[in-house]
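Presented below is the structure to which this report refers.
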Protein chains: 2
Amino acid sequence: MSLSPIRRKRATIHDVAVEAGVSRGTVSRVINGERYVSDDARTAIEAAISKVGYVPNTAARNLVMQRSEAVGFIVHEPHSLFLEDPNIGAIMLGANDALSRADHQMVCLVIDSDRDTRRVARYLSGGFVDGVVVVSARENDPITRIIESLDLPAAFVGHPPDLRRLPFVGIDNRASAEAITRRLLQTGRTRVGMIAAALDRDSGSDRLAGFRSALGDRFDPSLVEPVPFYSFKAGFEGMQRLLAREPEIDGIFAASDAVAAGAIDAMKVAGRSVPRDIGVVGFDDSAWAERTQPALSTVHQPATGLGARAAEIVLAQLRGEEPDLAGVLLETPIVWRGSA
Amino acid sequence: MSLSPIRRKRATIHDVAVEAGVSRGTVSRVINGERYVSDDARTAIEAAISKVGYVPNTAARNLVMQRSEAVGFIVHEPHSLFLEDPNIGAIMLGANDALSRADHQMVCLVIDSDRDTRRVARYLSGGFVDGVVVVSARENDPITRIIESLDLPAAFVGHPPDLRRLPFVGIDNRASAEAITRRLLQTGRTRVGMIAAALDRDSGSDRLAGFRSALGDRFDPSLVEPVPFYSFKAGFEGMQRLLAREPEIDGIFAASDAVAAGAIDAMKVAGRSVPRDIGVVGFDDSAWAERTQPALSTVHQPATGLGARAAEIVLAQLRGEEPDLAGVLLETPIVWRGSA
DNA sequence: TTGTACGCGTTATCAT
DNA sequence: ATGATAACGCGTACAA
């Protein structure tokens, strides 16, 4: 009568019990490796299990245990960025690794529409996960609200400005940007500009702030070219505009490696040599940095570390520990290569 | 007494029922929008719901409904490839979109270790998903075995050679490779080589087979340089070896866009101009293709389409339809740009 | 229209 | 050592 997707009825503990001629309780005990079960019963039950092809229904177990041993990994990125940004894969792998060590299942949920937002919200409140790692939430993100109201153990990678009582892990974009700009200045450049990206995000504006503070009195707003995204294309186009406007430029801090790669291409098209005519530094130390010619000097972003650390923060809460709401910042060493 | 991660006890249907002064059955009915409930009851219950802050426990609902309305998306890639390959993100987005339209939750599970394999196997048999989309399973993959034995509705993206009674969606790597090689030959090149990648995968060996068949009698094995991965670096190094061995070469089919980008860089370092000295074509039409200088002529791989189609195949099985085990192949138009 | 009672597959608490 | 039995939170015949 039913068009249910269930193909073959799956065996339950009950089936095993009748097959082995014992009670469900005893079966449950051997499954969970508890003491106080006779060798007779154990062997009989083990035989019955493989005979009827029993596999435990974790969903039912979770219902009574009141936990799932699973942690959500929510990625909420604008379509294009998700494909473009190599960091996000690394963050995911880092989180998966940390959760895996603690025997927790990472389940990644992607939000790509309002419909997704609502469905994921239902999923989170449905008891399928014990906690969540959230990467790149936007300001005033509905998902952030849901997590708060559910008070689901959580950790954010990066911190939207409106994050109040939720822990996060990130890097100091401002200090890192300032450090690499200083380093660039030490090479003797006198007209140093920046291709600033994604100024609507805290990472974008912080990197610009660091650049500005490194230059101090020598800061010249006309040497800053804002572009919307951290992308190759944006870098290419931004650099073309900047070169047209300020031909004297001899140093560039690009807001990301992808942007830097685009900028370098634009320089080559314009007949400028890197690093002879213009010194270039980037940000991320992503795979991009080794693909440019010459290889890019950049700020190393500890992507897998960010994911792993965020996962650990969630796991700690699951153990009942109180999270540190101040947030944790990871180190970002400068990697100096040939582009400056 | 308990160190449970549960912070605040969540309200249940029962709580709503007592608050509204009705029975649980009635509450359940208004939640599921059924008929036969008085306006009085409905308003009282709706008030009670928001008062006690009730959110449905989907996990419990699934237990009784015997389905989860969730579909797994399993990615089993060698570490590096996962980060490198832009296609996988697009496939994921395509699958998510198709599932989203059908109001199903996509849950992505990544397998990055043996431990992961075992845990994911438990997860799949635990009743958390009604079906799975599997991307890039290896030959003799344990996960494939699990899926078969569970007979979980599934669809593979790409098809490992040992896939028997499981449906898949893919592209015709051989025919596509042959087509673009022919197109390259039409530009008048006489010494055309290939940087062949990942020959241990069917995609890799099929692309080589297509190249070979396009050349026919003119095929010369010494013009084929095998590299292990579909990566930029492998392309760069492979091209260097090929140039050293066969300086006369004037055309290259690279097994992927990333490989082609690496190869082009190697050509530039060696002082060869593209496309004047050497014509280059790639495969994938990924973001790489627009980053090379000049832009890459390549085979378009319908990544989002692959994901969407695979998801639809799973959804069809969930509706009780029998899957087409022959597999479905998607179109791969040639995109001609400036590199050849 | 509404309430009752049972079942989904487990684990846990009792007795025995 | 083992077997009833009560949860877990929900849907649903069936009865009222």
Side-chain angles (χ1 to χ4, degrees), chain A residues 1-2 4-6 8-45 48-49 52-69 122-123 125-128 130, chain B residues 1-2 4-6 8-45 48-49 52-69 122-123 125-128 130:
Chain A
M1 165 217 132
S2 146
S4 149
I6 306 303
R8 183 172 8 105
K9 194 172 176 341
R10 298 226 324 238
T12 73
I13 280 198
H14 176 80
D15 302 328
V16 176
V18 306
E19 175 69 32
V22 296
S23 81
R24 300 201 313 256
T26 314
V27 175
S28 178
R29 277 184 278 268
V30 349
I31 289 173
N32 298 307
E34 285 177 30
R35 294 158 312 186
Y36 302 130
V37 29
S38 68
D39 290 348
D40 278 8
R42 165 161 284 117
T43 54
I45 290 171
I49 284 181
V52 303
Y54 168 78
V55 305
N57 182 321
T58 324
R61 158 193 276 246
N62 291 162
L63 181 58
V64 45
M65 298 306 270
Q66 295 292 65
R67 69 179 127 140
S68 65
E69 316 246 285
R122 280 210 315 268
Y123 193 85
S125 45
F128 293 99
D130 297 336
Chain B
M1 164 218 133
S2 149
S4 151
I6 306 304
R8 177 166 23 96
K9 193 170 177 343
R10 301 233 316 247
T12 73
I13 281 198
H14 177 80
D15 301 328
V16 176
V18 306
E19 175 69 30
V22 296
S23 80
R24 302 201 312 257
T26 314
V27 175
S28 178
R29 275 184 279 267
V30 347
I31 290 173
N32 298 308
E34 284 177 30
R35 294 158 313 187
Y36 302 130
V37 28
S38 67
D39 289 348
D40 278 8
R42 165 161 284 116
T43 53
I45 288 171
I49 284 181
V52 304
Y54 168 78
V55 305
N57 182 321
T58 322
R61 157 193 278 245
N62 292 162
L63 182 58
V64 46
M65 299 308 272
Q66 296 291 63
R67 69 184 131 129
S68 64
E69 315 246 285
R122 279 209 318 266
Y123 194 85
S125 45
F128 292 99
D130 296 338

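A, B, ... follow the sequence lines: proteins, then strands. Residue 1 opens every chain.
With sequence neighbours left out, Ser23(A) forms a side chain to side chain donor-acceptor pair (under 3.5 Å) with Thr26(A). Residues that satisfy the ring-ring contact (aromatic ring centres under 6.0 Å, His included) test with Tyr123(B), not counting sequence neighbours, are Phe128(B). Considering only residues two or more places apart in sequence or on other chains, Thr43(B) meets the side-chain contact (heavy atoms from CB on, under 4.5 Å) condition with none of them.
Arg35(A) has its CZ atom 13 Å from the P atom of dA12(C), to the nearest Å. Between the OH atom of Tyr36(B) and the P atom of dG3(C) there is a distance of 17 Å, rounded to whole Å. Between Ile45(A) atom CD1 and dT10(C) atom P the separation is 14 Å, expressed in whole Å.
Between the CD1 atom in Ile45(B) and the CG atom in Asp40(B) there is a gap of 10.5 Å [rounded to 0.5 Å]. Here Gln66(A) contributes atom CD and Asn57(B) contributes atom CG; the two are 7.5 Å apart, rounded to the nearest 0.5 Å. Put simply, CG on Asn62(B) and CG on Leu63(A) are 10.5 Å apart, with the number rounded to the nearest 0.5 Å.
For Arg61(B) (side chain) and Gly126(A) (main-chain N/O), no donor-acceptor pair under 3.5 Å exists by modelled atom type.
Direction of the helix axis in the helix from dT1(C)-dA16(D) to dT16(C)-dA1(D) shifts by 50° between the two five-pair termini, rounded to 10°.
Dashed line: the shortest gap from a side-chain N or O of Ser23(B) to OP1 or OP2 of dT2(C) is not under 4.0 Å. Checking the phosphate oxygens (OP1, OP2) of dG3(C), a side-chain nitrogen or oxygen of Thr26(B) falls inside 4.0 Å.
A salt bridge (charged side-chain N to carboxylate O under 4.0 Å, His left out) check over residues 20-35 of chain B, counting only residues at least two apart or in different chains, returns nothing.
Ala41(B) comes within contact range of the sugar-phosphate backbone alone, with a heavy-atom separation under 4.0 Å but no base atom that close.
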Give the B/S/- string for nucleotides 9-16 of chain D, one per nucleotide from 5' to 3', where a protein heavy atom under 4.0 Å of the base yields B, of only the sugar-phosphate yields S, and otherwise -. BBBB----
